[in-house]
There are 2 protein chains.
Amino acid sequence: MVKKAGSTQRREESLSRDRIIEASIALLDGSGERGLTFRALSERLATGPGAIYWHIDNKSDLLIAACDAIIASAMNAPSISAEPEAAIRALALGMFDAIDAHPWVGSALTRAPGQLPMVRILERIGQQVRALGVPEDAQWAAVSALLSYILGVSGQNAANAHIAREQGLDRSNFLDEVSTVWSELDPNEYPFTLSVAGLLRVHDDRVDFLAGIHLILRGIASAHGR
Amino acid sequence: MVKKAGSTQRREESLSRDRIIEASIALLDGSGERGLTFRALSERLATGPGAIYWHIDNKSDLLIAACDAIIASAMNAPSISAEPEAAIRALALGMFDAIDAHPWVGSALTRAPGQLPMVRILERIGQQVRALGVPEDAQWAAVSALLSYILGVSGQNAANAHIAREQGLDRSNFLDEVSTVWSELDPNEYPFTLSVAGLLRVHDDRVDFLAGIHLILRGIASAHGR
DNA sequence: ACCTGAACACCGTTCAAGT
DNA sequence: ACCTGAACACCGTTCAAGT
């Protein structure tokens with residue numbers, strides 16, 4: 001478990017990018033995005049804030065690296081299924097669960113377009129869309145629709161978790177509150193919202209998420225071949 | 001440029017929630033999310049930071065209110081088309097264009113789940129999904145898929161604009177850079193990403209966005225009736 | 001009722017100085 | 001090469017005091 005040296009062994013490993021990222025994830029998991037500060041980080045690592053800058057460029061770099069660690073492990077789970085639609089569903093669920101466990105990943109992901117974490121997801125989806133037999137010139141549209149949808153849901157989940165934490169509620173209490181507000185809207189102006197206010201209390205995010213994936217896959221299938 | 005009085009008429013209106021929101025939008029449009037600070041705001045309004053707190057609760061409240069002003073005007077444009085699919089496309093494009101003009105709206109929206117700005121969008125989509133003849137118990141899935149997708153794209157656009165601004169590039173220079181990085185990825189690990197790297201330079205976000213909407217609408221149609 | 005502006009408790013980041 | 005920690009230039013928010 002030792003990592004660096006200089007002389008011989010020491011109780012704690014010396015500072016390193018990996019150790020910083022690990023500590024960042026712990027902080028983010030423990031207290032959300034607001035929990036990641038250079039002061040908290042340097043305290044946890046028993047060093048000064050300046051030391052961290054020797055290993056990372058800035059806070060944004062740090063957040064992307066932490067995000068990538070989570071995404072990489074979610075995306076590296078080998079897909080059991082050989083059937084592309086099932087593989088896409090599994091992959092999407094893997095993302096959903098990773099973000100459910102680490103809500104801050106949802107917003108970190110959104111803030112790093114084109115960066116490694118997103119490329120990992122893009123690639124996995126892309127390979128399955130190819131396997132699906134989607135013609136080459138339609139692959140990008142299919143993949144980016146799936147990706148945008150996944151990012152959209154991720155961002156919402158992150159925001160829900162963030163607000164719930166801020167208000168000291170758990171997720172279902174928070175949805176209860178939203179549901180109550182919705183059910184008091186003007187029925188002439190907001191008939192649809194009113195009609196789904198009750199659903200908010202009982203719905204299952206994960207099921208809804210899969211339903212959306214299903215809809216997009218169905219659209220892809222109907223657009224090409226069968 | 002004088003501001004305050006106490007007696008009769010005055011050149012400028014006195015401070016108000018609306019004036020604060022208006023100034024916030026100007027700040028956000030001009031310098032992005034980082035541009036909205038209570039100091040910049042109070043300078044622009046020729047007052048002290050404390051005065052602003054008389055009219056708004058906190059920064060999050062302010063951001064949601066600014067976001068809502070943009071969304072409200074985008075959603076209040078009456079839809080020309082009576083055909084529900086076309087209306088949904090028009091509505092989605094309205095969102096796309098609003099966020100293109102005010103990129104910060106994309107991330108503000110994501111951070112306010114269940115709040116008024118999102119309810120406005122939800123409602124408009126919901127009414128059209130109903131008009132589409134989707135059975136009642138499938139409406140929520142259809143609407144939330146569309147909404148999540150729109151939010152996902154919005155968030156990405158906001159992030160692209162944010163990063164481009166941060167690096168002093170325009171949007172196409174930024175995409176060029178991403179495209180270059182992607183085209184240097186390992187072909188064994190990232191074959192799909194590599195194959196679409198070139199597309200990034202020439203693609204049209206708006207067209208891609210519509211293609212995604214089209215795919216979801218197609219999925220909805222194929223799932224119900226025809 | 002509404003505004004002022006100093007003060008508080010934070011931030012991310014830098015940088016001379018140490019080892 | 002790597003770490004220290006004080007200092008800088010900011011933040012959002014509060015609150016006594018004013019009108």
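The chains referred to below are lettered A, B, ... by the order of the sequence lines, with proteins before strands, and numbering in each begins at 1. No experiment lies behind these values; they were computed from the predicted model shown.
- Distance CG (Leu62(A)) to C1' (dT13(C)): 13 Å, rounded to an integer number of Å.
- With no hydrogens or angles considered, no side-chain donor-acceptor pair links Asp61(A) and Asn58(A) at under 3.5 Å.
- By the 6.0 Å contact criterion, CZ on Arg34(A) is open, its count of non-hydrogen atoms from other residues, nucleotides or ligands being 12 or less.
- Between the CZ atom of Arg19(B) and the C1' atom of dC2(C) there is a distance of 14 Å, rounded to whole Å.
- Mapping Arg39(A) and Asp57(B) onto DNA chain D by nearest heavy atom places Arg39(A) closer to the 5' end of the strand.
- Atom CZ of Arg34(B) is separated from atom P of dC10(D) by 10 Å (rounded to the nearest Å).
- Look at CD on Glu43(B): it is 17 Å from C1' on dG12(D), rounded to the nearest Å.
- Note on Trp54(A): every side-chain N or O is 4.0 Å or more away from OP1 and OP2 of dC3(D).
- No side-chain donor from either of Ser107(A) and Arg111(B) sits under 3.5 Å from a side-chain acceptor of the other.
- Within the nucleic acid shown, Leu36(B) comes within 4.0 Å of sugar-phosphate atoms alone, with no base atom in reach, counting heavy atoms only.
- Salt-bridge check for Arg206(A) with Asp100(A): failed, with every basic side-chain N at 4.0 Å or more from each acidic carboxylate O.
- Distance CZ (Arg17(B)) to C1' (dA1(C)): 17 Å, rounded to an integer number of Å.
- Between the CG atom of Leu41(A) and the C1' atom of dG12(C) there is a distance of 12 Å, rounded to whole Å.
- For dT13(C), the paired nucleotide is dA7(D), the pair qualifying as Watson-Crick or G-U wobble because both relevant distances are below 3.5 Å.
- Here Ile52(A) lies out of heavy-atom contact (under 4.0 Å) with every strand.
- Comparing dC3(C), dC3(D), dA6(C) against the side chain of Pro49(B) picks out dA6(C) as the nearest.
- Across every strand in view, dG18(C) sits in a pair with dC2(D) that passes the Watson-Crick or G-U test at under 3.5 angstrom.
- Comparing dG5(D), dC11(C), dC11(D) against the side chain of Thr37(A) picks out dC11(C) as the nearest.
- At whole-Å resolution of the value, CG in Leu15(A) and P in dC2(D) are 10 Å apart.
- Distances shorter than 4.0 Å separate some side-chain N or O of His55(A) from OP1 or OP2 on dC3(D).
- Rounded to an integer number of Å, the gap from CZ of Phe38(B) to C1' of dC15(D) is 15 Å.
- When only modelled atom types and interatomic distance are considered, Asp205(B) and His203(B) share a side-chain donor-acceptor pair under 3.5 Å.
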